[in-house]
K.L.:
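What follows is a single structure, and I will ask about it in a moment.
Just so it is clear, the values below take in all heavy atoms, side chains as well, and ignore hydrogens, waters and symmetry mates.
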Amino acid sequence: MDYSILTGFATRYMMTKKRTLSTILKQKDLNTIDGILMVLIDKHPDFSQEKIGEITLFDGASIARALKRLEASGFAERKVHPTNHRKKLVNLTPEGKEFLSKVKAADHKISDQLFEDVSEEDKKSLEEILTHVFNNFDKIDIPK
């Protein structure tokens, strides 16, 4: 199989999404890392900063700066862990959830435009194939 089309698609798809979403984030003086953290925090409320770092592989300083920006924007809040006062738990504020819904709507619009000429049957087949391939990531032994 020639994987170049997959590599090209993945690269161009992510670049298109990043450029479009960056425009929305910049309106609030946020960047791509901030947007990624908002999505993660929304899916996993009350995650600690350390857990966010484990999942994203961002360094602690980058996470701290991003959370500071999100707090300054009124989009996130950190609160002290109830049993471990050294840990901070992170959540989106209602304003953060509202802004994230706008970001997600723009994201869906991009994907809808990309797949507008693809039949529902082909979309379903692609989803099934990508699910199989995605699940294979867990089987890859990546050197650390």
K.L.:
The criterion is side-chain hydrogen bond (donor to acceptor under 3.5 Å, both in side chains); which residues satisfy it with Lys139, sequence neighbours excluded?
P.N.:
Asn136
K.L.:
Look only at the side chain of Asn91 and the backbone of Asp46, and say whether a donor-acceptor pair between them is shorter than 3.5 Å.
P.N.:
yes
K.L.:
To the closest 0.5 Å, what do you measure between CG (Leu114) and NZ (Lys109)?
P.N.:
12.5 Å
K.L.:
Through direct or indirect side-chain contacts below 4.5 angstrom among Ile, Leu, Val, Met, Phe, Trp and Tyr, which residues connect to Ile41?
P.N.:
Leu21, Ile24, Leu25, Leu30, Ile33, Ile36, Leu37, Met38, Val39, Leu40, Phe47, Ile52, Ile55, Phe58, Ile63, Leu67, Leu70, Phe75, Val90, Leu92, Phe99, Leu100, Val103
K.L.:
How is the hydrophobic cluster of Met1 composed, in terms of its other members, when Ile, Leu, Val, Met, Phe, Trp and Tyr link through side-chain heavy atoms under 4.5 Å apart, directly or indirectly?
P.N.:
Tyr3
K.L.:
Dump the intermediate steps for salt bridge (Lys or Arg N to Asp or Glu O under 4.0 Å) on Asp42 and Lys104, then the final yes or no.
P.N.:
CA-CA 12 Å; Asp42 187 52; Lys104 286 181 175 181; 3.2 Å; yes
K.L.:
Working to the nearest 0.5 angstrom, can you tell me the gap between Thr16 OG1 and Gln113 CD?
P.N.:
10.5 Å
K.L.:
Do Asp29 and Arg69 meet the salt-bridge criterion of a basic N to acidic O distance under 4.0 Å?
P.N.:
no
K.L.:
Please examine the side chains of Asp107 and Lys17, heavy atoms only from C-beta on, and report whether any two atoms are closer than 4.5 Å.
P.N.:
yes
K.L.:
Quick one: list whatever passes side chain to side chain contact (heavy atoms under 4.5 Å, CB included) with Thr131, sequence neighbours left out.
P.N.:
Glu127, Asn135
K.L.:
Under a 3.5 Å distance rule, please check whether Ser101 uses its side chain to pair with a backbone N or O of Glu98 as donor and acceptor.
P.N.:
yes
K.L.:
Rounded to the nearest 0.5 Å, what's the gap from OG1 on Thr93 to CD on Glu95? Could you check?
P.N.:
4.5 Å
K.L.:
Quick one: does Ser48's side chain have a donor or acceptor within less than 3.5 Å of a partner on Lys88's backbone?
P.N.:
no
K.L.:
For Ser111, what residues pass the side-chain hydrogen bond (donor to acceptor under 3.5 Å, both in side chains) criterion, not counting sequence neighbours?
P.N.:
Tyr13
K.L.:
Does the side chain of Ser62 pick up a donor-acceptor pair with the side chain of Asp59 at under 3.5 Å?
P.N.:
yes
K.L.:
Considering residues at least two apart in sequence or located in another chain, which fulfil the side-chain hydrogen bond (donor to acceptor under 3.5 Å, both in side chains) criterion with Thr11?
P.N.:
none
K.L.:
Do Glu121 and Ser119 pair up side chain to side chain, a donor and an acceptor below 3.5 Å, judged on atom types alone?
P.N.:
no
K.L.:
Salt bridge or not between Glu71 and Lys68? Use side-chain N to carboxylate O under 4.0 Å.
P.N.:
no
K.L.:
Would you call Thr83 and His81 a side-chain contact if the rule is heavy atoms closer than 4.5 Å?
P.N.:
yes
K.L.:
Any chance NZ of Lys18 has more than 12 other-residue heavy atoms, nucleotides or ligands included, within less than 6.0 Å?
P.N.:
no
K.L.:
When rounded to the nearest 0.5 angstrom, what distance separates CZ in Arg19 from CE in Met14?
P.N.:
12.5 Å
